[in-house]
Amino acid sequence: MEGKVVEVQAAWREGAHVDDAQYRALYEASVSDPDAFWGEHGKRIDWMTPFTKVKNTSFEPGRVSIKWFEDGKTNVAYNCIDRHLETRGDQTAIIWEGDNPDESKHITYRELHAQVCRMANVLRNRGVSKGDRVTLYMPMIPEAAYAMLACARLGAIHAIVFGGFSPDSLASRIQGCTSKVVITADEGLRGGRKVPLKANVDAAIKRIGTDLVEHVIVVRRTGGSVEMEPGRDVYYDEAAEQVTDHCPAEPVEAEHPLFILYTSGSTGQPKGVVHTTGGYLVYAAMTHQYVFDYREGDVYWCTADVGWVTGHSYIVYGPLANGAITLMFEGIPTYPSTSRFWEVVDKHKVNIFYTAPTAIRSLMGGGEGPVKKTSRASLRVLGSVGEPINPEAWEWYYNVVGDKRCPIVDTWWQTETGGILISPLPGATALKPGSATRPFFGVKPEMVDAEGKVLQGPCEGNLCIADSWPGQMRTVYGDHERFEQTYFSTYPGKYFTGDGARRDADGYYWITGRVDDVINVSGHRMGTAEVESSLVAHPKVAEAAVVGYPHAVKGQGIYAYVTLNDGEEGDDALRKELVVWVRKDIGPIASPDLIQFAPGLPKTRSGKIMRRILRKIAEDDFGALGDTSTLAEPAVVEDLIENRQNRP
Ligand code: 6R9
């Protein structure tokens, strides 16, 4: 094999779900006869009405349509809870670890059932039924999972908004899917600091007006005092006292929407990604089992927030569908100390640990000490997600955290894909640091060049997926045309991921990052257009262009070129003001790291901003600007280089 290879250790193979030969055989079967393969694996969940049709999908331009198991009926909450009650009612479903290390609890499947039924009844009493949208703006507490599953139980569609988003971002998402009900908490708690969730909901509703949101359900987390609007707002514990813990799970069609999750793209406002019931759950559960080599009794911990897709598929739905023990963590990696992750691993005897490269890189800075003072002997599999993991971070994760004992599954996927598409399998795949390696069952990656020509063998290009898999998003909420346009028009007949990649001689994939105007900051997706439109809304700003640049901890940082209105002075005070402005408008994850005041932006004669040049200057790599012959005013570039902000 080519390049550095970490071979599968004998211990990884022992008891694993698949070895290399089995992977190859299953993969071959899955792509040669998807109907037979998924017809079989579709039975891993329980169906109230069994399906007779398996795959009915088309990527054809103008007629994109994705349906799996379409004549079956099931219920996601039933599959994640009820069907386990007989065999594992007293087993832990969720281990909750609070922000404060003295706070944790275990919730059994039976307790989960009672809690979810209660929450579902509270929602039902407020008029929520099948197909209604419910917005969740929650901290990482068990009630977030109860609320997701309660919606699923009723056939309602949840739309989670990450707790770090601003009131304005929350407002536009509530409006985007017209939610009449919002579930939140008084305050969140992260790293010892309080997050004013309820106050943010109030501000969002103020912005929307009073005619949309009818009910706000407030979980008491900190007990902090919040304003309660009579008739609209209710404390969850008080509402829950009024209802029973019995609530039937509503059978819904396989293609009934389960959730909407807003995500950033290269243009315009965030899109509401729609995932449905049957195919999504089959895919989330199956990938969770095989990619993490999940075994009966394992304690599994994914450090994501439920506000992101990773939290949906790999904290809640995949693990619970498999009857797993899933750990939910309220806090942050550095509180009360930088040993926290590893202390939690020891405290709860975590076997499988799944986190993001940005967390690894930030902990690497503190050296081995905080890791080595913990045991971590329970760990068996390590996972990575959210952005490319650089080989240095991979080696540290493997050597220092895993003591060279644990395989790293570098899992490549997207909000749109619902579950993991490219990843090693612990007992099967020889690892290469920095490579997501090989496709999961049923996934057909295809590399194309800029003209759309399909590339063979080792190559570098744009990553597409040639055919549908059950976990794929079905549409953009309320805008199917945008769905087709965004994902199926660049390379007609294929799903275009927006990522660039390299495929090596062993058929391994190396994701190189986004090739569109999406940047990845600490594993969080941000559209440059969103940050730009926030900046130009500032009264002193005439024009803005935003690009990503390499950042040692965040992966990418946000670099903003800002042209001010005539007569305005660009100084550090205004830089600060603009950062505060964007944080308030979108949320802290969108804060520009560097702002360069630019008298002009490099444009073509037809007026298009030449982002390629802006990226190079932001990377401090202006020796290689490429073709600048189409620039309208070459002098603009001289000034940009002269005043660049990213100097070593
Ligand atoms: C699950 C999630 C998706 C984008 C994706 C890609 C990047 C995610 C990666 C990775 C390299 C990995 N990405 N995992 N890049 N290696 N293992 O992160 O979803 O928030 O929608 O982001 O993240 O660029 O296109 P999402």
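In this chain, residues are counted from 1 in sequence order. In each ligand, atom 1 is the first atom listed, and ligand 1 is the first ligand listed.
Here the straight-line distance linking atom CG of Asp506 with atom OG1 of Thr429 works out to 12.0 Å at 0.5 Å rounding. Note that the CG atom of Leu421 and the CD atom of Gln414 stand 7.0 Å from one another [nearest 0.5 Å].
Under 4.0 angstrom from ligand 1, the non-hydrogen atoms of Glu387 all belong to its backbone. Contacts between Thr310 and ligand 1, counted as non-hydrogen atom pairs separated by less than 4.0 Å, involve the side chain only. Residue contacts with ligand 1, taken as heavy atom pairs separated by less than 4.0 Å, do not involve Ile389 at all.
Using cut-offs of 30° and 60° on the angle between ring planes, the pair Tyr300 and Tyr354 is tilted. Ring planes of Tyr398 and Trp12: perpendicular class, angle over 60° (limits at 30 and 60°). Taking the six-membered ring where tryptophan is involved, the planes of Phe259 and His312 are tilted, since the angle between them lies from 30° to 60°. Using a 30° and 60° split on the angle between ring planes, Tyr280 and His275 fall in the tilted class, from 30° to 60°. Taking the six-membered ring where the residue is Trp, Tyr397 and Phe353 present perpendicular rings, their angle passing 60° and hence far from 30°.
Classification of Arg615 and Asp517 as a salt-bridged pair holds, one side-chain N sitting under 4.0 Å from a carboxylate O.
Looking from atom 20 (O) of ligand 1 to the surrounding protein, the closest heavy atom is Arg525 CD, 3.6 Å. Nearest protein heavy-atom neighbour of atom 14 (N) of ligand 1: Gly386 N, 3.1 Å. Annotation: atom 2 (C) of ligand 1 to nearest protein heavy atom, Trp413 O, 3.7 Å. Protein heavy atom nearest atom 5 (C) of ligand 1, with residue, atom name and distance: Asp499 OD2, 3.1 Å. The protein atom (non-hydrogen) at minimum distance from atom 11 (C) of ligand 1 is Pro388 N, 3.1 Å.
Residue-environment remark: NZ (Lys67) stays at or below the threshold of 12 foreign heavy atoms within 6.0 Å.
The distance from ligand 1 to the heavy atoms of Val385 drops below 4.0 Å at these ligand atoms: 1 (C). Of all atoms in ligand 1, listed by their number and element, those nearer than 4.0 Å to a heavy atom of Asn520 are 7 (C), 23 (O). Close contacts of ligand 1 with Thr415, meaning ligand atoms under 4.0 Å from a residue heavy atom, involve 19 (O), 20 (O), 21 (O), 26 (P). Short contacts between ligand 1 and Thr411, defined as distances under 4.0 Å to a heavy atom of the residue, involve ligand atoms 9 (C), 12 (C), 14 (N), 17 (N).
For Arg438 and Tyr27, the positive end is not near the middle of the six-membered ring at less than 6.0 Å and at most 45° from its axis.
Here's the thing with Asp410: one of its N/O atoms is less than 3.5 angstrom from an N/O atom of ligand 1. Among the atoms of Gly523, none of the N or O lies under 3.5 angstrom from an N or O of ligand 1. Looking at ligand 1, you won't find any N or O of Thr263 less than 3.5 Å from one of its N or O atoms.
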